[in-house]
There are 2 protein chains.
Amino acid sequence: MKIYSKFSRETARDYALRVLKENILSLDLKPGTAISENELSAELNLSRTPVREAIIELAKAYLIEIYPQRGSFVSLIDPKMVEEARFLRKITDIAVIKTACDEIDEDGIALLEDNVSLQEYYLSKGMTDKIFELDNQFHKNIYVVAKKDIIYEIHSTLMIHFDRVRNLSVATVKDFKVVGDHRKMLEAIKAGDKETAAELVDKHLGRYQIDEKEIRSKKPEYFKV
Amino acid sequence: MKIYSKFSRETARDYALRVLKENILSLDLKPGTAISENELSAELNLSRTPVREAIIELAKAYLIEIYPQRGSFVSLIDPKMVEEARFLRKITDIAVIKTACDEIDEDGIALLEDNVSLQEYYLSKGMTDKIFELDNQFHKNIYVVAKKDIIYEIHSTLMIHFDRVRNLSVATVKDFKVVGDHRKMLEAIKAGDKETAAELVDKHLGRYQIDEKEIRSKKPEYFKV
DNA sequence: CATACCATACTTGTATACAAGTATACCATG
DNA sequence: CATGGTATACTTGTATACAAGTATGGTATG
């Protein structure tokens, strides 16, 4: 488990939450790992209270399982959870990008254009590590343009189920294809072309195909069933 | 605020959460009302800890706003939140009922059939107060049939934004229309007719039209903007 | 009277103490 | 050796104490 340093203005609870989410997503906390409130609070130099509050929040999203008086554990990969997260992301992304086609204005175009241009720049310079965060930001910005940013936030924790399995996949997506997708999405939004935008999202998400059998054969101990 | 009694097996935190959610939904806790951790824990005969944990969870869903060192308050009705909840419910319900058309089996049919039959029975006897809970159960069961029950649960707290505004509407929906909708949905699912099922959901949700202006003119102090 | 100050009584955030249940290792007993 | 009981060291759940910031009302001062 990686210990990040606490931001000065960050509350203890938010700090504990951030550390846990990052570690679960990156699999530095492996599925099944025991998490002790006492141990973690010692590592983070906090008391049990904020650590416990963070753990409870992640348990609500099924990322941690709490067994009272026995212990808390990083949830094993549950194919049903992964499927529900994937399903939810797909239908929501599609509906939101269609809404963005209606709601887009000059400010929204500027927001998305700046992002995609940066992606294209970093891609041309081979700085592909920068693209990951811009990718996330681009998707979030579409929700912002569609005035559905609360939905993005509410879903974000749940999507960790999907994203940590993606992180286990060997087959990484080619960055240039992703950036190209984003450019096409932006153009479709600018043109108000809902159907094309929706198709692009569908194809885009299809790139993150996860080969469950392969991952499972490598790391069977990570899986619930 | 109404104080319910605690179930014996219920944890203190779940109890506090249940009481708060019920009261916010029913508007027995009016938008804007101050909620003191100390006061509430005294009323519920609990310590601050479980009450605080419940408040934090509702704050995550924007149903309570916490201002550190100042106080916590039941969130005012925020039209943006209501719209996001309505939007999310619509797109999810539609996608899920389509999936239910594919996933339905004998057990699923029995589950839904029992529910709708009961609704029809209570309607014929004029016991319309029984229908409310069956209505909720019917929708949940569609998610269960489609194997998307986690999504239902994750969304349920957010839907309080939508539902408490519905509870403010004078224009109550005619029960028989709702029950009729459910019967038609069930038949569409049994027939595997996705498009009809989706249209029915759309029309069904359309019955819960909320006249924001009217509610706002009656209770302007409940609204954020 | 108006204003600045300050004590006070709140608020939530964090830390710690205690309660109650569980798993385990060890030891006594058959 | 096998088995059952038990002390022990954990775990999370709940209660309480303390820290730090905020709003308010009263009071002294100009």
Side-chain angles (χ1 to χ4, degrees), chain A residues 1 3-21 23-24 29-76, chain B residues 1 3-21 23-24 29-76:
Chain A
M1 161 147 187
I3 306 294
Y4 304 89
S5 47
K6 182 175 171 301
F7 301 143
S8 53
R9 316 229 52 169
E10 198 175 31
T11 67
R13 169 156 54 93
D14 288 338
Y15 171 47
L17 190 61
R18 179 167 61 88
V19 170
L20 282 171
K21 281 168 83 168
N23 276 281
I24 291 174
L29 271 176
K30 301 188 197 316
T33 308
I35 297 177
S36 159
E37 294 179 2
N38 273 315
E39 200 179 316
L40 184 56
S41 56
E43 289 189 75
L44 300 181
N45 270 311
L46 304 171
S47 74
R48 262 188 68 206
T49 305
V51 169
R52 173 180 167 75
E53 288 169 353
I55 289 177
I56 288 173
E57 177 168 348
L58 293 175
K60 291 285 174 181
Y62 298 95
L63 286 166
I64 291 178
E65 291 188 21
I66 302 175
Y67 301 96
Q69 280 74 45
R70 287 197 286 157
S72 301
F73 306 86
V74 177
S75 295
L76 294 171
Chain B
M1 163 150 185
I3 306 294
Y4 304 88
S5 47
K6 181 175 172 301
F7 300 144
S8 53
R9 316 227 54 168
E10 199 174 33
T11 67
R13 169 158 52 95
D14 288 337
Y15 171 47
L17 190 61
R18 179 168 60 87
V19 170
L20 282 171
K21 281 168 83 167
N23 277 280
I24 291 173
L29 272 176
K30 302 187 197 318
T33 308
I35 298 177
S36 157
E37 293 178 2
N38 274 315
E39 199 178 317
L40 185 55
S41 56
E43 289 189 75
L44 299 181
N45 270 312
L46 305 171
S47 74
R48 262 187 68 204
T49 305
V51 169
R52 172 179 167 75
E53 288 169 353
I55 289 177
I56 289 173
E57 177 166 347
L58 293 176
K60 291 283 175 184
Y62 299 94
L63 286 166
I64 290 178
E65 292 188 20
I66 302 175
Y67 301 96
Q69 279 73 45
R70 286 198 284 156
S72 300
F73 304 87
V74 177
S75 295
L76 294 172

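Given the structure is predicted, the values throughout are model-derived calculations rather than measurements. Throughout, protein chains are lettered first and strands after them, A, B, ... in sequence-line order, and every chain is numbered starting at 1.
- In this structure, the separation between CG on A:Leu76 and OH on A:Tyr62 is 15.5 Å, given to the nearest 0.5 Å.
- Between C:dT14, D:dT14, D:dT12, one nucleotide has an atom nearer to the side chain of A:Ser47 than all others, and that is C:dT14.
- Residue-level contact check: A:Ser41 touches neither bases nor backbone, having no heavy atom under 4.0 Å from any strand.
- The distance between atom OH of B:Tyr67 and atom C1' of C:dG13, rounded to the nearest whole Å, is 17 Å.
- Of all nucleotides listed (D:dT12, D:dT14, C:dT14), D:dT12 comes nearest to the side chain of A:Glu37.
- Residue A:Arg70 places none of its side-chain N or O atoms closer than 4.0 Å to OP1 or OP2 of C:dG21.
- Listed pair A:Ser72 / D:dT12 meets the phosphate criterion, a side-chain N or O lying under 4.0 Å from OP1 or OP2.
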Verdict with reasoning, B:Ile35 to B:Leu20, per side chain to side chain contact (heavy atoms under 4.5 Å, CB included): CA-CA 10 Å; B:Ile35 298 177; B:Leu20 282 171; 4.1 Å; yes
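- Note on B:Ile35: only backbone sugar-phosphate atoms sit closer than 4.0 angstrom, heavy atoms only; bases stay farther off.
- In this structure, CD of A:Glu10 is placed 10 Å from P of C:dT14, rounded to the nearest angstrom.
- Taking the side chain as every heavy atom from C-beta outward, B:Val19 and B:Met1 approach each other to under 4.5 Å.
- Remark: A:Thr11 is not in phosphate contact with C:dG13, judged by side-chain N or O atoms under 4.0 Å from OP1 or OP2.
- We find that CZ of B:Arg48 is positioned 8 Å from P of C:dG13, with the value rounded to whole Å.
- With DNA chain C read from its 5' end, the first of the two nearest nucleotides for A:Lys6 and B:Gly71 is the one closest to B:Gly71.
- At whole-Å resolution of the value, CZ in B:Arg13 and P in C:dA19 are 21 Å apart.
- In this model, no side-chain donor or acceptor of A:Gln69 finds a partner on the base of C:dT22 within 3.5 Å.
- Between B:Ile56 and A:Ile56 there is no side-chain heavy-atom pair separated by less than 4.5 Å.
- Distance, A:Glu53 CD to C:dA15 C1': 12 Å, rounded to whole Å.
- Atom P of nucleotide C:dT12 and atom CD of B:Glu65 are separated by 14 Å, given to the nearest angstrom.
- At least one side-chain nitrogen or oxygen of B:Ser36 sits closer than 4.0 Å to the OP1 or OP2 atom of C:dT11.
- Residues A:Glu37 and A:Val51 share a closest heavy-atom pair of O-CG1, 4.0 Å.
- Of the candidates C:dG13, D:dT12, C:dT14, C:dG13 carries the atom nearest the B:Ile66 side chain, counting heavy atoms from C-beta on.
- The side chain of A:Arg52 lies closest to D:dG13 when the candidates are D:dG13, D:dT11, C:dG13.
- Spacing between atom CZ of A:Phe73 and atom C1' of D:dT12 amounts to 11 Å, rounded to whole angstrom units.
- Atom CG in A:Leu44 sits roughly 14 Å away from atom C1' in C:dT14 (whole-Å rounding).
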